[in-house]
Chemist: 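Just passing along the structure, written as structure tokens.
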Amino acid sequence: MASSPTTSATPSTFSSTLPVLPGTYPERAPLDLFRTAVAIHINRVIPELSLEKIFDGVDILKKEGDFSVAMPRFRLPGVKPDVSAATVASSFQPDEYIETVKAVGPFLYFNARLSTFARIVLRTIDRETFRTLDGVPRYGTNDSGKGKKVLIEYSSPNIAKQFHIGHLRSTIIGQFLINLHKANGWETLSMNYLGDWGRQFGLIAVGFEKYGSQEELEKDAIKHLYDVYVKINNDASTDESVLDKAREHFRQMEDGGESALKQWRIWRDYSIEKYREEYGRLNVSFDVYSGESQVSLESQSAPLERLEKMGLISEEKGAKLVDLTQWKLEKAVVRKKDGTSIYLTRDIGAAIERYEKYKFDKMIYVVASQQDLHVAQFFKILSLLEYPWAGRLQHVNYGLVLGMSTRKGTAVFLDDIIREASEIMHEQMKKNPDKYSAVEDPEGTSREIGITAVKIQDMAAKRINNYNFNWSRMLSFEGDTGPYLQYAHVRLASMARKNPELLPLRTADPSDPKSSIDIDTDSLTEPKVREILMLLASYPDVVKTAMEKYEPSGVVTFCFRLSHAISSAWETLSVKGDTDRSRASARLWLFLSAKEVLGAAMRLLSLMPLERM
Ligand code: ARG
């Protein structure tokens with residue numbers, strides 16, 4: 001994705017006279033502005049409460065009003081909460097931002113003035129969607145990460161083994177986290193830490209002599225190496241000498257034997273090439289392809305020596321271990337009896353090297369919850385080693401995917417998943433020949449819908465939950481699925497195609513992409529408008545929460561809520577049939593803004609919003 005500058009001039013200058021509270025972004029997040037307005041009303045009556053404190057107590061609501069405040073939370077000495085609520089309500093004077101207030105017991109409910117609200121929300125979206133960062137519109141985001149660097153390690157499959165669905169989850173969640181951080185101003189570094197070292201490479205070397213084919217390797221290294229691995233593993237179960245040879249070969253690799261390494265490097269390179277291609281289709285990319293092989297022996301042994309000096313190492317049957325039982329993390333083996341390097345020690349060394357090289361402010365590991373203990377162990381060991389940056393490491397874990405298989409069987413590769421999802425979608429699309437013929441690239445489109453289906457299924461629930469992989473449910477257009485979401489976006493996109501006479505909305509100077517839209521929004525009066533605007537305005541909060549919890553599910557839920565609100569608005573807010581041209585334009589603006597925001601949320605989730613399908 002191309003990145004465009006983020007420093008573009010603000011087209012319609014933001015002109016609010018309200019104070020800007022710390023940590024709020026009123027010119028980018030409309031609700032920050034309106035919450036401040038609510039806080040001012042309360043502050044006027046209760047000056048002993050600070051604006052900031054009141055602001056924190058302003059919640060968004062749907063039924064009783066746009067905003068609510070629970071007075072008891074302020075614990076005002078000597079005043080009953082319902083009395084203070086009543087006082088605020090009785091001395092209320094409507095203003096540009098807030099139109100009404102209602103006190104119900106100790107609660108206050110405020111409503112925004114719809115005309116101002118509509119103008120500000122739509123203008124903010126108009127202004128902010130011009131500013132994209134690597135394809136992700138800035139609306140909804142803020143600069144909280146400015147000047148900070150995050151390294152996120154995700155996907156991390158093992159060469160010559162299956163790219164299983166667990167790796168796919170890491171890939172999907174990791175790319176979301178990269179997009180999220182980037183959008184919030186962080187400098188990001190995406191890293192794939194390949195399982196590209198270990199005994200299996202000795203086996204593959206032996207197997208390759210017998211079963212390997214250069215041609216197959218070039219065609220699809222990932223599958224071919226896996227096939228070789230499976231076959232030789234099979235041989236090894238009946239023939240002891242295979243394992244001996246494999247062991248010997250891996251020893252040569254660890255000792256730096258050039259001919260053994262040369263071959264291994266070729267396998268690695270071909271595999272990475274293939275991965276790159278598959279990730280590309282998923283809208284995923286990595287700044288660095290690292291891997292277990294890249295961790296130097298020195299970085300692995302130095303920390304062990306230090307642990308030894310600190311008296312933290314004990315020996316058991318020739319193996320060295322660190323006792324972490326007082327933290328309920330068991331005893332961690334850091335060196336095997338035969339002296340070969342192991343996964344844990346490599347992770348310790350890798351973290352040290354990464355800090356030295358990148359000096360990150362935060363490093364996130366997106367690794368399955370099955371490895372909770374492993375990750376907790378090396379985090380703990382790094383902190384015992386007193387690295388000052390050890391506290392900057394975070395583990396983002398996730399649950400299992402159950403019941404995954406394709407029409408071909410249960411050994412599933414990423415390739416197969418993408419292909420199967422696209423094929424099924426393609427068959428579906430062909431069922432509607434009219435629409436089908438209007439789609440420029442049916443294969444690409446069906447693939448995108450299929451990938452959306454897989455990703456949405458994955459990100460719809462909290463990441464720690466397990467879920468069942470279910471082709472027919474995820475590929476359905478009914479219910480909260482990926483295809484439904486793409487459909488909702490396509491329908492919004494069709495609004496512009498169906499109403500060319502109302503376009504362009506930006507009349508100031510259409511050739512200048514930075515000119516702002518200037519449409520009178522006073523004709524937008526329906527409750528449905530308020531509902532949609534409220535959703536659009538809440539998007540920055542959704543992003544903020546996602547950032548706090550590292551959860552994509554909130555963004556997915558937001559997408560569905562917005563899509564549902566839109567789909568129930570087509571009739572009440574008709575554009576095509578509206579004889580009042582200025583109202584039709586205002587409505588179109590609302591719908592196109594909804595498209596921008598839905599598209600922004602989808603991009604954040606690493607989806608490619610479609611224009612047609
Ligand atoms: N390659 C590992 C696996 O497939 C995952 C690596 C996770 N990252 C790490 N730094 N240990 O199980």
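As the structure lists them, so they are numbered: ligands from 1, and atoms in each ligand from 1. On a predicted model such as this, the values are computed, not experimentally measured, just so you know.
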Chemist: So, do His224 and Phe208 have ring centers that fall under 6.0 Å from each other?
Modeler: yes
Chemist: With a 4.0 Å cut-off, would you call Arg265 and Glu258 a salt bridge?
Modeler: yes
Chemist: Can you confirm whether or not the ring centre of Phe413 sits under 6.0 Å from the ring centre of Tyr226?
Modeler: yes
Chemist: Under 3.5 Å, N or O to N or O, is Glu292 touching ligand 1 that way?
Modeler: no
Chemist: Taking NZ, NE, NH1 and NH2 as the nitrogens, is one of them in Lys245 or Asp239 under 4.0 Å from a carboxylate oxygen of the other?
Modeler: no
Chemist: Could a heavy atom of Tyr343 be found less than 4.0 Å from some atom of ligand 1?
Modeler: yes
Chemist: Find all atoms of ligand 1 within a distance of less than 4.0 Å from any non-hydrogen atom belonging to Ser156, and give their numbers and elements.
Modeler: 1 (N), 2 (C), 4 (O), 5 (C), 6 (C)
Chemist: Taking the six-membered ring for Trp, is the centroid-to-centroid distance between Phe378 and Tyr365 below 6.0 Å?
Modeler: yes
Chemist: Which ligand 1 atoms, with their elements, are less than 4.0 angstrom from a heavy-atom of Val367?
Modeler: 7 (C), 8 (N)
Chemist: Counting from 1, what ligand 1 atoms have a heavy atom of Tyr365 closer than 4.0 Å?
Modeler: 10 (N)
Chemist: Please could you name the atoms of ligand 1 that Tyr193 approaches to less than 4.0 Å, counting only its heavy atoms?
Modeler: 8 (N), 9 (C), 10 (N)
Chemist: Taking Glu128 for its side chain and Arg28 for its backbone only, find out whether a donor-acceptor pair lies under 3.5 Å.
Modeler: no
Chemist: Students should be able to answer this: which protein heavy-atom is nearest to atom 8 (N) of ligand 1, and at what distance?
Modeler: Glu153 OE2, 2.8 Å
Chemist: For atom CD of Glu443, is the number of surrounding heavy atoms from other residues, nucleotides or ligands below 6.0 Å larger than 12?
Modeler: no
Chemist: Please confirm whether Arg354 comes within less than 3.5 Å of ligand 1 when only nitrogen or oxygen atoms on both sides are compared.
Modeler: no
Chemist: Could a heavy atom of Gln371 be found less than 4.0 Å from some atom of ligand 1?
Modeler: yes
Chemist: Keeping the roles fixed (side chain from Asp361, backbone from Lys149), state whether a donor-acceptor pair exists under 3.5 Å.
Modeler: yes
Chemist: Among all protein heavy atoms, pick the one closest to atom 1 (N) of ligand 1 and tell me residue, atom and distance.
Modeler: Asn158 OD1, 2.7 Å
Chemist: Starting from atom 4 (O) of ligand 1, find the nearest protein heavy-atom neighbour and note its residue, name and distance.
Modeler: His167 NE2, 2.7 Å
